[in-house]
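Whatever order the structure lists ligands and atoms in, that order sets their numbers, starting from 1.
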Amino acid sequence: MERLLGFREFYPEPLPSKDAWSADARTHVFDQWRRVARQYGFREYDGPPLEPLDLYTAKSGEEIVGQLYNFSDKGERQVALRPEMTPTLARMIASSQRNYPKPIKWFAIPQLFRYERPQKGRLREHYQLNADIFGEKDPAVDAELIALMIDTLRALGLTADDFVVRLSSRNAWQDYFNSRGGKAEDTYAFFQVIDKLEREKPEVSAERLQAIGFSLEDVQRFIQEARPTEELGSILSNLSARGLGSFVKIDYNVIRGLAYYTGPVFEAFDRVGELRAIAGGGRYDNLVKLLSGGKVDLPALGFGMGDVVLMELLRSRGLLPAFQSGIEVFCSIEDEVRRPETLALVQALRDARRTVEYPITPSKSDKQFKRALELKARWIVQVDSAGVKVKDLTTRQERVMSVADFLALAGGTQGGLSTLVPLTPSL
Ligand code: HAM
C-alpha cells in the first residue's frame, strides 16, 4: 500500500534510495535547533496535534484556512490537524502566562499539516522549529529573535553566502498605505497584493492596486528605496553590533501571508533564490488578546523554520554529516551454555550506557562475526571460563580479563573503555 501523497517516511542511514528522507539527518537538524534555542534561553513546550477547527478559521487568514486538513470526528466535532503552532501557543500563553516571568521565551518542534499541492519544498506535512517571545514590545527583542534564527542556520554550517534574512515591517506598509490615502476597508486587499507581488504577473498586480487607488510604479519605488523605518533601523544596528549585519537586508517585498502579524516581519531565503522560504515570522501583538476574548493582552513575536526547504539547502551545499551507524560491543556466544552469563553481561553493559548487540538466537561463530562487522561493532566480547575475551575490531588486538574488570572498564568514568572506545558511535 502506498503512503499518502505529500507525506514522508524517514529511514535510518544508509538510505534505501537517493530520494529517501533520512531519520539521522532529521535528528541532526532537531538537535541543533534544540541546542541553539536553549542557548538563547528558550524553554520547550508542546501542544495537541489535533485542534478545534475554529482555532484557525478566525485567526490565521485565508491562505492557511484554504489549506486545512479538517474533518468531522466521531463525536461530530469539527476538528483540524494543526497547520501551524502559533494559535495553539497563543491560547496556551493566554491561559498560563501568569505562572511565568516575562518575557516568556518558548520553543517547540511540532509536525504540521497543510493540504497543499505537493511540490518542491512544499509537502502535506512538515516539521517546524517555532520560537516565540511574549511580553516585550522593544525592537531589541525582535533583534534577539532574528539572531536566534540566524544562529540556528549557522549551527548547521550555513553562512551569509548561503542565506539572507529579508526584513520588512507591516508598520512601514501601513504608513505607506495611510500616506497615499488608502481606505481602511482596503487594507487587507492591499497587503494581499504586496504579498503576491513577486509571484504575480505585473499587469495583474497593477490592476488590483489601481482598483484601490494605488500605482504599481509607486509601490515598486518604495520597495527599491528600501529605506529602514526607525524601528527596523534599531533592529539592524542591534544585529550589526553582534556581527550579524551581513545576514540581514531590508526588503519590503516581504509582508507575510498570515493575517495576525502587526509589526516587523521577516523571512529567510537561500541567497541563490532557487528555493522557497526557509523560515518566516514576525510580530503579532494582538493575537493573545483576540484568543483570550480580551482578557490577556501581551505583545508577541516569533518565527517558524521548516525542515523541508532547510534539508534541501543543506543537501545541496553538502552540509549534512556522514551519518554512521555502529555499535560499541558485540557479545558473541560460541557455546550456548554461556548464554545466561552473556545475557547478564549484555544487561550490565547496557546499564553502563554502552550500545550492545548479541546473537538473539543460536548461530554459528562465523555468522556472528559477520554480524558484528555488519553492525560496525568496535569490540567483540565473549564470555568463557577464564572471564571475557575482548577483541578490538579496529586493531584486531585481543585481551583476556575477568568480567568484573571488564565491567569496571566499560562503566568506568575515568579512562576505562571510554578512552579506547568512543562513548557512543558518532551519530
Ligand atoms: P509560515 O511562513 O507559514 O509561518 O511557515 C514557516 C516555514 O515553514 C516556511 O518558511 C517553510 O519553510 C515551512 N513550511 C510552511 N508550509 C510548508 C509546507 N507545506 N511544506 C514544507 N514546509 C513548509 C508560520 O507557520 C508561522 N506560524 C510562523 C510563526 C511562529 N510566526 C510567529 N510565530
Side chains of [X] and [Y]: is there a donor and an acceptor less than 3.5 Å apart?
{"X": "Tyr260", "Y": "Thr86", "value": "yes"}
{"X": "Gln192", "Y": "Arg208", "value": "no"}
{"X": "Ser205", "Y": "Glu200", "value": "no"}

How close does the nearest protein non-hydrogen atom get to [atom], and which residue and atom is it?
{"atom": "atom 9 (C) of ligand 1", "value": "Ala277 O, 4.0 Å"}
{"atom": "atom 21 (C) of ligand 1", "value": "Gly121 O, 3.4 Å"}
{"atom": "atom 24 (C) of ligand 1", "value": "Leu258 CD1, 3.6 Å"}

Could you tell me whether some N/O pair between [X] and ligand 1 is separated by less than 3.5 angstrom?
{"X": "Ala131", "answer": "no"}
{"X": "Glu267", "answer": "no"}
{"X": "Arg114", "answer": "yes"}
{"X": "Ile278", "answer": "yes"}
{"X": "Leu123", "answer": "yes"}

Counting heavy atoms only, which part of [X] comes closer than 4.0 Å to ligand 1: side chain, backbone, both or neither?
{"X": "Leu310", "result": "neither"}
{"X": "Ala279", "result": "backbone"}
{"X": "Tyr260", "result": "side chain"}
{"X": "Asp132", "result": "side chain"}

>> Does Glu207 have more than 12 heavy atoms from other residues, nucleotides or ligands lying within 6.0 Å of its CD?
In response: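 Count not over threshold, so no.
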> So which of Gln128, Arg8, Arg26 actually passes side-chain hydrogen bond (donor to acceptor under 3.5 Å, both in side chains) with Asp307?
Replying inline: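 Per the side-chain hydrogen bond (donor to acceptor under 3.5 Å, both in side chains) rule, the option paired with Asp307 is Arg8, out of Gln128, Arg8, Arg26.
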Below 6.0 angstrom between ring centroids: does that apply to [X] and [Y]?
{"X": "Phe30", "Y": "Tyr127", "answer": "yes"}
{"X": "Phe214", "Y": "Phe177", "answer": "yes"}
{"X": "Trp173", "Y": "Phe190", "answer": "yes"}

> Has Arg371 got its NZ or CZ under 6.0 Å from the middle of the six-membered ring of Phe330, at an angle within 45 degrees of the ring axis?
Replying inline: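 Checked: cation-pi criterion not met.
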> Is NZ or CZ of Arg315 both nearer than 6.0 Å to the six-membered ring centre of Trp21 and within 45° of the ring axis?
Replying inline: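 Yes.
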Winner among [options] once heavy atoms are compared against [atom]:
{"atom": "atom 27 (N) of ligand 1", "options": "Lys120, Met85, Glu84", "result": "Glu84"}
{"atom": "atom 23 (C) of ligand 1", "options": "Glu116, Glu125, His126", "result": "His126"}
{"atom": "atom 26 (C) of ligand 1", "options": "Phe269, Phe303, Tyr261", "result": "Tyr261"}
{"atom": "atom 4 (O) of ligand 1", "options": "Arg256, Arg117, Gln128", "result": "Arg256"}

Under 4.0 Å to a heavy atom of [X] - the qualifying atoms of ligand 1, by number:
{"X": "Val308", "answer": "21 (C)"}
{"X": "Gly304", "answer": "6 (C), 7 (C), 28 (C), 29 (C), 30 (C)"}
{"X": "Thr86", "answer": "26 (C), 27 (N), 29 (C), 30 (C), 31 (N), 32 (C), 33 (N)"}
{"X": "Asn130", "answer": "30 (C)"}
{"X": "Gly280", "answer": "10 (O), 28 (C)"}

> Measuring from Gln224:CD to Asp251:CG, what's the distance to the nearest 0.5 Å?
Replying inline: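 Going from the CD atom of Gln224 to the CG atom of Asp251 covers 11.0 Å.
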> Which value, rounded to the nearest 0.5 Å, describes the distance between Leu148 atom CG and Leu153 atom CG?
Replying inline: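 It is 9.5 Å, given to the nearest 0.5 Å.
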>> For Lys201, is there any backbone N or O sitting under 3.5 Å from a side-chain donor or acceptor partner on Glu203?
In response: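 Not a single qualifying donor-acceptor pair exists.
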> Is it true that Tyr127 lies under 4.0 Å from ligand 1, counting heavy atoms only?
Replying inline: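 No, Tyr127 has no heavy atoms under 4.0 Å from ligand 1.
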> Strictly under 4.0 Å, does any heavy atom of Ala268 approach an atom of ligand 1?
Replying inline: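 Judged by the 4.0 Å heavy-atom criterion, Ala268 does not count as contacting ligand 1.
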>> Evaluate Phe134 against Trp106 for ring-ring contact (aromatic ring centres under 6.0 Å, His included), listing each step before the verdict.
In response: CA-CA 9 Å; Phe134 295 84; Trp106 283 5; 7.3 Å; no
